[in-house]
Visitor: 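Before anything else, here's the structure in question.
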Amino acid sequence: MKNQEIAKIFYEIADFLEMEGVQFKPYAYQKAALTLETLEKDVGEIYKEGGKEALEKISGVGKSIAEKIEEYLKTGKIKYYQGLKKKTPVQMEELTAVEGMGPRKAKILYQKLGIRNLKDLEKAAKTHKIAPLFGFGEKTEKNILEGIAFLKKSKGRFLLGDILPQVKEILEKLKALKEVEQISPAGSVRRMKETIGDVDILITTKDAKKVMDFFVQLPGITKVWMKGPTKSSVRMEQGFDVDLRVVKKKSYGSALQYFTGSKEHNIVTRRIAMEKGLKLSEYGLFKGKKMIAGWYEAGIYKALGLPWIAPELRENQGEIEAGLAGKLPKLIGHQDIKGDLHCHSKWDGGSNTIEEIVEMAEKMGYQYIGIADHTRFLRIEHGLDEKRLAQQRKEIDSLNEKLKNFQILQGAETNILPDGSIDIKDEALAKLDYVIAGVHSSMKMEKTKMTERIIKAMENPHVDIISHPTGRILKRRDEYQVDFDKILRAAKETGTILEINSFSERLDLNDQNIRRAKEAGVKMVINTDAHYKDQLRFIELGIAQARRGWAEKKDIINTYPLEKLLTFFR
DNA sequence: GCCGTTTTCGGCCCGACTGTTTTCAGTCG
């Protein structure tokens, strides 16, 4: 699937154009990239079926961009892009990944100091070459160094949401081989950790050579690190590595247990085995030389006196103790979700009409969908004011009349202004089915003030949900300063729901905070924050995060059937 | 470069914030 590759190039083209001060075009490329990135269907497939005309039907793709997609599909490159790169040979993606660095600064730094990549940038900042430049200064230089330090901290790890589609594709292809008997991802992918170092896949087969031959020639592989009968390792185009291991059938369960980890979890399972006079390894659970468990994973746990533990819980955060005591949570699952309460529609610049979103939601088996567009303060997101909210209400009401066994709810993602007030008048809030409020500005506020700000919003009787409560962006910025215990107390007192945002770089609340919320008796909602209908599928990531936070069905309000949910909001 | 309930050309990408300035440019959401 070439969608991600092409999207990445378009983002870079946008940056190059922005660097040159071109107007509007960068926006067009970004928009096309965003659509491509979240497109369910392979553009190669679309092109094969309907040619260039079909490409032009993709939202944000016109004649010129369709030609570039075609060129890439045919030749594997885009001349226009290469020309831009040649003109200014900088590692744009690398440089703009630094918080506070954009294309314009990159251009100046290239022209004045010849900075082409992150390494050059760090060197220049450390030797104080940047501060004296016109338009730069001490603080900018310091911020650049801090930005680089943050990047390094998360370096080498990939967002689960970014690599999961590719991993699934590899799994499907391997599964389709008749030589493959059993197959499963292991490691942090199986534990659905928010970031992944590399991908492990385990299989059993009678013909390892054939499977390995097939594996190392899969599309999207740029390098084969090693290829052997029991382990092969490759590097994918996106930069992450995939290891494929062939294990013996009788050891499949123990290998799966071993390679799923986490390391900390396994230390404890091995210790329990030792205490029982047993030995646990990737090859099996042994009593002396006799193997007593190993062909299936649950058998290992059973022999250790434990119920099977869901991979999402295996972090040695009390799951083993809970297992021994028979107190493991009954984790929330995909089938429990009845709807999504945070979707953006065309009304605020999202790419789909409410009708299109509804169609997708019905396809996903939902009973309801909540449209929660941005409100007035966020002008860039075409935030809705009171008047447009009222207009939208009319559209939703008339759509609802036509729908059977499905309902659209009107919410809004309002903004918590720096003083804690909401950017929409109370009278208008009262007319919505529910209200989400989130911080979208002044994120560097001091801790006490930020905490008070959010609590004030929760105290507004119309506010039901706080979106992405800590504001962190994975690999980019930390959460804002906030006293989470105080937030939890206020949420409990005011009956405010905290959101688990499913966007791969947000996943906010994180696993730890979900667990704290659950323990504090605070209800949560798993939302996607979809700006494109295909992004409704991100719910998978939010559910995984909720499971990592030990959340059960009863902790999550969008497991409620429609009537119960409406009563709850009322 | 894309798009169309403002519809085939003219509008889109606004406003806060930061860090640099002395009136503003760049970045971010």
Visitor: For the side chain of His440(A), starting at C-beta, report the closest nucleotide among dT27(B), dG1(B), dG29(B).
Guide: dG29(B)
Visitor: Does any nucleotide pair with dG29(B) by Watson-Crick or G-U wobble geometry, both distances under 3.5 Å, and what is it?
Guide: dC14(B)
Visitor: So what does Glu138(A) touch, heavy atoms closer than 4.0 Å: a base, only the sugar-phosphate, or nothing?
Guide: sugar-phosphate
Visitor: What ring-ring contact (aromatic ring centres under 6.0 Å, His included) pairs are there with at least one residue in residues 53-91 of chain A, not counting sequence neighbours?
Guide: none
Visitor: Would you say the base of dC12(B) stacks on Phe24(A) (centre-to-centre below 5.5 Å, plane angle below 30°)?
Guide: yes
Visitor: Please determine whether ring pair (Phe, Tyr, Trp, His ring centres under 6.0 Å) holds for the pair His342(A) and His531(A), giving the CA-CA distance in whole Å, both sets of side-chain angles, and the decisive distance to 0.1 Å.
Guide: CA-CA 9 Å; His342(A) 189 168; His531(A) 286 65; 7.4 Å; no
Visitor: C1' atom, dC3(B) versus dT8(B): distance in rounded Å?
Guide: 10 Å
Visitor: At under 4.0 Å, does any side-chain N or O of Lys139(A) touch on OP1 or OP2 of dG19(B)?
Guide: yes
Visitor: Just call it for Lys68(A): base, sugar-phosphate, or nothing, with non-hydrogen atoms closer than 4.0 Å on any strand.
Guide: sugar-phosphate
Visitor: When rounded to the nearest Å, what value does the distance between P atoms of dG26(B) and dT20(B) take?
Guide: 14 Å
Visitor: Picking from dG4(B), dG1(B), dT27(B), which would you name as closest to the side chain of Lys346(A)?
Guide: dG4(B)
Visitor: With C1' as the reference atom in both, quote the distance from dC13(B) to dT27(B) in angstrom, rounded to an integer.
Guide: 13 Å
Visitor: What is the separation between atom CE on Met101(A) and atom C1' on dG19(B), rounded to the nearest whole Å?
Guide: 15 Å
Visitor: In whole angstrom, give the distance that lies between atom CD of Gln30(A) and atom C1' of dC14(B).
Guide: 14 Å
Visitor: Report, as yes or no, whether the 6.0 Å neighbourhood of atom CD on Glu53(A) holds more than 12 heavy atoms from other residues, nucleotides or ligands.
Guide: no
Visitor: Counting any heavy atom closer than 4.0 Å, what does Lys63(A) reach on the DNA or RNA strands: base, sugar-phosphate only, or nothing?
Guide: sugar-phosphate
Visitor: Taking the C1' atom of each, how far is dT6(B) from dG11(B), in whole Å?
Guide: 9 Å
Visitor: Can you tell me if the side-chain N/O atoms of Ser59(A) get under 4.0 Å from OP1 or OP2 in dC2(B)?
Guide: no
Visitor: CZ of Arg104(A) versus C1' of dG26(B): gap in Å, rounded?
Guide: 8 Å
Visitor: Does Tyr29(A) make a side-chain N or O approach to OP1 or OP2 of dG1(B) shorter than 4.0 Å?
Guide: yes
Visitor: Checking all strands, does Thr140(A) fall into the base, sugar-phosphate, or nothing category for heavy-atom contacts under 4.0 angstrom?
Guide: sugar-phosphate
Visitor: For Asp485(A), which of Arg516(A), Lys447(A), Lys492(A) qualifies under salt bridge (charged side-chain N to carboxylate O under 4.0 Å, His left out)?
Guide: Arg516(A)
Visitor: How are the rings of His344(A) and His374(A) set to each other: parallel, tilted or perpendicular (split at 30° and 60°)?
Guide: parallel
Visitor: Rounded to whole Å, how long is the line connecting atom NE2 of His374(A) with atom C1' of dC28(B)?
Guide: 13 Å
Visitor: Tell me every residue that passes side-chain hydrogen bond (donor to acceptor under 3.5 Å, both in side chains) with Gln4(A), counting only those two or more places apart in sequence or in another chain.
Guide: none
Visitor: Measure from the side chain of Ile65(A), starting at C-beta and using heavy atoms only, and say which of dG26(B), dC2(B), dC17(B) lies closest.
Guide: dC2(B)
Visitor: Check the distance between dG29(B)'s P and Asp348(A)'s CG and give it to me in whole angstrom.
Guide: 17 Å
Visitor: Looking at Asn143(A), does any N or O in its side chain come under 4.0 Å of the phosphate oxygens OP1/OP2 on dG19(B)?
Guide: yes
Visitor: Would you mind reading off the distance between Asn501(A) atom CG and dG29(B) atom P, rounded to a whole angstrom?
Guide: 14 Å
Visitor: Can you find a heavy atom in the side chain of Gln535(A) that is under 4.5 Å from one in the side chain of Thr528(A)?
Guide: no
Visitor: Nearest-Å distance, CG (Leu109(A)) to P (dT27(B))?
Guide: 9 Å
Visitor: Return the value, rounded to whole Å, for the distance between atom CZ of Phe134(A) and atom C1' of dA25(B).
Guide: 10 Å
Visitor: Quote, to the nearest angstrom, the C1' distance that separates dC17(B) from dC12(B).
Guide: 23 Å
Visitor: Between Phe136(A) and Gly102(A), which residue's closest nucleotide on DNA chain B lies nearer the 5′ terminus?
Guide: Phe136(A)
